[in-house]
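In what follows, chains carry the letters A, B, and so on, assigned in the order in which the sequence lines appear, proteins first and then strands, with residues in each chain numbered from 1. Bear in mind the structure is a predicted one, so any value in this text is a computation, not a measurement.
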2 protein chains.
Amino acid sequence: MPPSNILDAIIAQSKLSKKETAKQQKIVEAAIALFAERGYANTSTSEIAKKSGVAEGTLFRHYGTKENLLLSVIVPFLKESIPFLAKEVFTDVNPRNYKSFELFIGALLRNRIAFLNENQDIFRVVLKELLYRDELRNELFPHLQSQLFFFLNDALEWFKELGQLKDLPNPVLLRLIMTSVASYLAVRYVLSPNREADDDAEVKTMVDFITGGVGKD
Amino acid sequence: MPPSNILDAIIAQSKLSKKETAKQQKIVEAAIALFAERGYANTSTSEIAKKSGVAEGTLFRHYGTKENLLLSVIVPFLKESIPFLAKEVFTDVNPRNYKSFELFIGALLRNRIAFLNENQDIFRVVLKELLYRDELRNELFPHLQSQLFFFLNDALEWFKELGQLKDLPNPVLLRLIMTSVASYLAVRYVLSPNREADDDAEVKTMVDFITGGVGKD
DNA sequence: CTAAAATAAAAGTAATCACTCACTTTTTAT
DNA sequence: ATAAAAAGTGAGTGATTACTTTTATTTTAG
């Protein structure tokens with residue numbers, strides 16, 4: 001494996017497994033559930049095989065190693081989850097369509113909440129493994145950051161022009177906004193998963209906080 | 001072990017091991033380093049024994065199980081780290097001594113940064129295990145929350161009186177402030193550990209953000 | 001229909017794991 | 001000084017692990 005670039009390796013890997021058989025889907029499904037429930041290290045390949053109704057050998061025929069199976073689980077998620085890679089969110093939540101920064105951030109939050117509602121399990125897997133895997137994280141973060149920057153730089157400039165954003169450097173703004181959004185999502189989906197949420201109220205609270213803080217004018 | 005209450009069990013456990021032998025200290029030291037580096041599940045007891053220069057049997061004589069060793073590592077940290085339990089931070093950063101909410105939050109941030117500078121490794125261990133251990137988390141969070149509330153409720157009322165805080169419910173204020181602080185610390189110490197930081201500038205940025213958001217007045 | 005090729009299942013395999021146990025050494029108390 | 005208690009040791013133990021190899025079944029091709 002020549003590439004020092006893990007992301008490339010991951011993407012290449014994901015392209016290799018073009019056709020997914022029914023059994024492969026079952027395997028991935030079971031892997032997601034088990035990894036999310038007890039973590040990668042605490043899940044054995046035999047358990048995955050059992051849960052997916054497949055022989056252990058089948059699992060290794062398709063994925064070679066347990067590590068590789070993890071990547072096959074994480075990669076498709078990342079490809080959708082680093083959304084600014086895909087054009088979807090771009091067009092779905094286009095800053096130019098929003099007259100105020102509040103509305104834009106609100107839409108962005110709603111978009112990501114909807115996505116995570118559909119992907120809670122795998123989100124947990126990804127988050128946990130990102131904590132454990134330094135190399136993956138070290139490659140992913142700059143990549144993520146530059147993608148976010150590429151997408152949001154424009155948006156930030158747009159709302160600065162409209163006079164709705166403080167005149168802070170864009171990287172600083174980006175960091176403040178994204179860590180707020182991320183920590184909200186992390187608490188909501190990972191740390192307190194069972195809670196029922198009033199989306200409208202919560203989004204409003206977060207948007208108000210991000211734009212106006214807690215201080216009195 | 002009767003108690004359904006894990007926290008009680010932990011605290012009881014920590015009280016049992018009153019006198020720490022030199023070897024015990026070595027063991028805990030090595031365990032922290034290894035757990036932080038590669039996680040609990042990926043660290044074997046034989047490795048811990050080897051690194052700390054004791055026989056594996058010694059480790060089990062003192063801690064009984066690997067799990068128990070983890071608790072012995074986590075507990076003392078938590079006792080200091082849920083700082084509002086201990087009076088130290090209370091007196092060190094007493095809200096009534098601060099004329100403005102900004103100054104108070106700044107002091108709080110500096111206090112926690114100083115603490116984490118001394119405890120980076122174990123902070124990483126705790127954070128990772130909290131993600132993996134539902135029961136621990138489910139017991140710890142309400143406890144943490146109520147402690148924080150007990151301490152900060154007063155502070156929030158104080159700064160509300162001074163007209164420096166928005167008239168939001170205290171639990172909401174608390175959540176917004178603490179998730180901001182926590183996510184800043186998490187990014188700084190866990191996700192991007194190797195970064196060198198300009199404390200003064202970063203604290204200022206965070207304080208400004210928490211009090212005033214990113215929106216233009 | 002049949003032989004070859006691809007896929008799945010089952011039965012291994014060597015390594016590693018957390019943990020035990022019989023025993024020795026050190027510390028403490030009298 | 002001595003006995004009891006505590007601390008320390010390291011060679012085992014059975015269970016489990018990721019992975020392999022062998023055997024069986026299904027799919028495909030001529």
Hey, does the side chain of T58(B) come within less than 4.0 Å of dA7(D)'s phosphate (OP1/OP2), counting only N and O?
-> no
Find the distance F60(A):CZ to dT7(C):C1' and express it as a whole number of Å.
-> 17 Å
Should the ring pair F123(B) and Y189(B) be called parallel, tilted or perpendicular, given that the plane angle runs from 0 to 90° and is split at 30 and 60?
-> perpendicular
Give the rounded distance in Å between these two atoms: CZ of R61(B) and P of dT25(C).
-> 15 Å
Distance below 4.0 Å between K66(B) side-chain N/O and dA18(C) OP1 or OP2 | yes
Do E67(A) and R133(A) meet the salt-bridge criterion of a basic N to acidic O distance under 4.0 Å?
-> yes
Under 4.0 Å: is that the gap between some side-chain N or O of H62(B) and OP1 or OP2 of dA6(D)?
-> no
Using a strict 4.0 Å threshold on nitrogen-to-oxygen distance, state whether K204(B) and D199(B) make a salt bridge.
-> no
Mapping A41(A) and A22(B) onto DNA chain D by nearest heavy atom, which one lands closer to the 5' end?
-> A22(B)
Scan S44(B) against the nucleic acid and name what it touches under 4.0 Å (heavy atoms): base, sugar-phosphate only, or nothing.
-> sugar-phosphate
Proximal nucleotide (of dC17(C), dA10(C), dT9(D)) relative to the A55(A) side chain | dA10(C)
Could you tell me the separation between the CD1 atom of I48(A) and the P atom of dA8(C), rounded to a whole number of Å?
-> 17 Å
How long is the line joining NZ of K50(A) and C1' of dT16(D), in whole Å?
-> 14 Å
Between dC19(C) atom P and L69(B) atom CG, what is the distance in whole Å?
-> 10 Å
For the side chain of T65(B), counting heavy atoms from C-beta on, which of dC19(C), dC19(D), dA7(D) is nearest?
-> dC19(C)
Taking the six-membered ring of Y132(B) (Phe, Tyr or Trp), confirm whether the NZ or CZ of K128(A) is under 6.0 Å from its centre and within 45° of its axis.
-> yes
To the nearest Å, how far apart are L59(A) CG and dT17(D) C1'?
-> 13 Å
N42(A) to E47(A) - nearest heavy-atom pair and separation = O-OE1, 3.9 Å
Return the value, rounded to whole Å, for the distance between atom CD of E56(A) and atom P of dA18(D).
-> 7 Å
Nearest-angstrom distance from the residue atom OH of Y63(B) to C1' of dT20(C) | 19 Å
